[in-house]
Amino acid sequence: MIEVKNIKKTFGDKTVIEDVSAVMKAGQCNLIIGASGSGKTVLMKCMVGLFEPDGGHVLYSGQDFTAMSNEEKTEIRKEIGMLFQGSALFDSLTVEQNIMFPLSMFTTWSHKKKLDRVNEVLARVNLVDTNKKYPAELSGGMKKRVGIARAIVLNPKYLFCDEPNSGLDPQTSLVIDRLIKEITLEYNITTVVNTHDMNSVMEIGNYILYMYKGNKEWEGNKKEIIFSKNQRLNDFIFASEFLQDAKDMRMLEEAGKISDDRNMDEMLDKDAPSLVPPDEE
Amino acid sequence: MTIFSDIGRYLLMIKGMFSKPENGRMYWKEFIHQCTEIGVGSLGIVAIISVFIGAVSTIQTAYQLVTPLIPRSTIAQIVRDTVILEFAPTLVCIVLAGVAGSRIASELGNMRVSEQIDALEIMGINTKTYLILPKIIAALLMIPLLVVIAMVLGILGGRIAGVSAGIISGNIYDKGLLEYFVPYNVFFALVKAYVFAFIISSVAAFYGYYVKGGALEIGRASTKAVVVSCIVILFADYILSALLLKQ
Ligand SMILES: Nc1ncnc2c1ncn2[C@@H]1O[C@H](COP(=O)(O)OP(=O)(O)O)[C@@H](O)[C@H]1O
Ligand SMILES: [Mg+2]
């Protein structure tokens, strides 16, 4: 379990995270959602200590990470795996060497044992026969999977994923989302995912934290998110008119107001639905 | 003033470099890798430059020594001393600032921008120690070695040029090399080589490690690393000469 208490972060005189608290439980996917620039990455980096927060605390299983010495932090970090937005694979190393790197650094295992573990996690992320390839030879989806493999190779208790499906097509995104969800359940990991992809929210979101301009605007689960009355949240998740219409319909249906199909057709045809392509960075 | 905060951050970076390696073998591997990159990677250009510098020195010295009163072997002495005192350490290090320095800056800059440095930090690795220290130690080992090679090749280049242009015979050149030889000059050159090696590697590491932004900034950072280290090298050259070359 990770507890975030009143985290604050400023860069110069620009406040990026104002005051955010959250509780993220083990064995589930905890999502941080919000528009680009709302502070998701900065919040995540404050949680793992890549940024020093200006105020507040982060607790890992009750231990105050922010108050720890560097040596103590290193111990916690060995239990953290992270998938970065651009995968952050070491370009000068092969896939196998990338995944073996944490093992070589932190274990005294034999080469054979390390290699077995590498192949085990590669199989887990459904990548076989890529051992000798370099990151530059991989597709975006494959890089993400190698990134996940490297993040879980030391059996972390906490997994952080920053925009795991940015730059991926919807189908590949789904594969990655499901993989994250399965791994989370399988190893009872506390997983934290940054995303602005609503498909992911629906696919894997157990707990959802909605960030708006550096503040926690809303939190809840994925059932609550659909029927939330929060205007900013609604503007974000139902950004396209099509989805907005679909939602209105669902609400009406829910309230038992739609009785005949004619009504539904009318609603769907109300000016051409605009399918806004997902915002890719 | 940004220059003072830069110097402060630079000193903090140097201080942050000294921590216990998480795993000695991995650090050793990285050190050997950097030795190859810096040493072998720059050997070719260093060899070419030093041979030509030596050759040009011989021809120019001969050209300036028009009076027959001075023995020809003096040419060899002058070439030897200018190569050892100035050309081999300073000129080679200026070139190395461009070759090895920009490589260090862009390697670290790329790792920063693509979050590879963050990925290492998350694993619990002190990236200043793991990424910067091996580069600086490798530079401190390889650059003085390259400077010594440059001395030998420069003097050899001078001989080749002198003989092939009919300026001086090989025997007289060799005899001249041994006349009035001051071993202290070699010591002075090595002191310069160590100081410049530290400047090249640490300044480049500083600009690379703290890159912010994207690909464009990596290019800017490595250019800046080269410019700043060249200026600092020339300044240090002046200071060291003033301190160590008192008559
Ligand atoms: N290192 C930094 N220095 C200054 N400002 C930053 C830094 N990192 C992020 N920011 C700013 O913080 C805000 C939130 O960024 P970020 O967390 O990356 O957003 P996102 O929600 O898209 O991940 C942005 O306005 C960004 O410009
Ligand atoms: Mg982000």
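For clarity, every value in this text was computed on a predicted model and none was experimentally measured. We name chains A, B, ... by the order of the sequence lines, and we start the count at 1 in each one.
With rounding to the nearest 0.5 angstrom, the OG atom of A:Ser92 is 9.0 Å from the CD atom of B:Glu37. The distance from the CG atom of A:Asp91 to the CD atom of B:Glu107 is 9.5 Å, given to the nearest 0.5 Å. Rounding to the nearest 0.5 Å places OG1 of A:Thr107 at 8.5 Å from CG of B:Asn23. In this structure, A:Met105 CE and B:Met26 CE are separated by 5.0 Å, a value rounded to the nearest 0.5 Å.
Of the atoms belonging to A:Lys45, it is side-chain heavy atoms, and not backbone ones, that fall under 4.5 Å from chain B. The parts of A:Phe101 that come within reach of chain B are both its backbone and its side chain, each placing non-hydrogen atoms under 4.5 angstrom from that chain. Only the side chain of A:Leu50 comes within less than 4.5 Å of a heavy atom in chain B; its backbone stays farther off. Contacts of B:Asn110 with chain A are made by side-chain atoms alone, with heavy-atom separations under 4.5 Å and no backbone atom involved. Neither the backbone nor the side chain of A:Asn70 comes within contact range of chain B; no heavy atom of the residue lies under 4.5 Å from a heavy atom of that chain. For A:Leu83, no part lies under 4.5 angstrom from a heavy atom of chain B.
Looking at heavy atoms from C-beta onward, B:Ile122 lies in side-chain contact with A:Phe84 at the 4.5 angstrom threshold.
Take A:Lys5 and apply the side-chain contact (heavy atoms from CB on, under 4.5 Å) test, not counting sequence neighbours, and it matches A:Glu3, A:His57, A:Leu59. By the ring-ring contact (aromatic ring centres under 6.0 Å, His included) test, B:Phe235 pairs with no residue at all, sequence neighbours left out.
Across every non-hydrogen atom of A:Gly86 and B:Glu115, the tightest pair is N-OE1, 4.0 Å. Annotation for A:Lys78 and B:Met123: closest pair CG-O, 4.1 Å, computed over non-hydrogen atoms.
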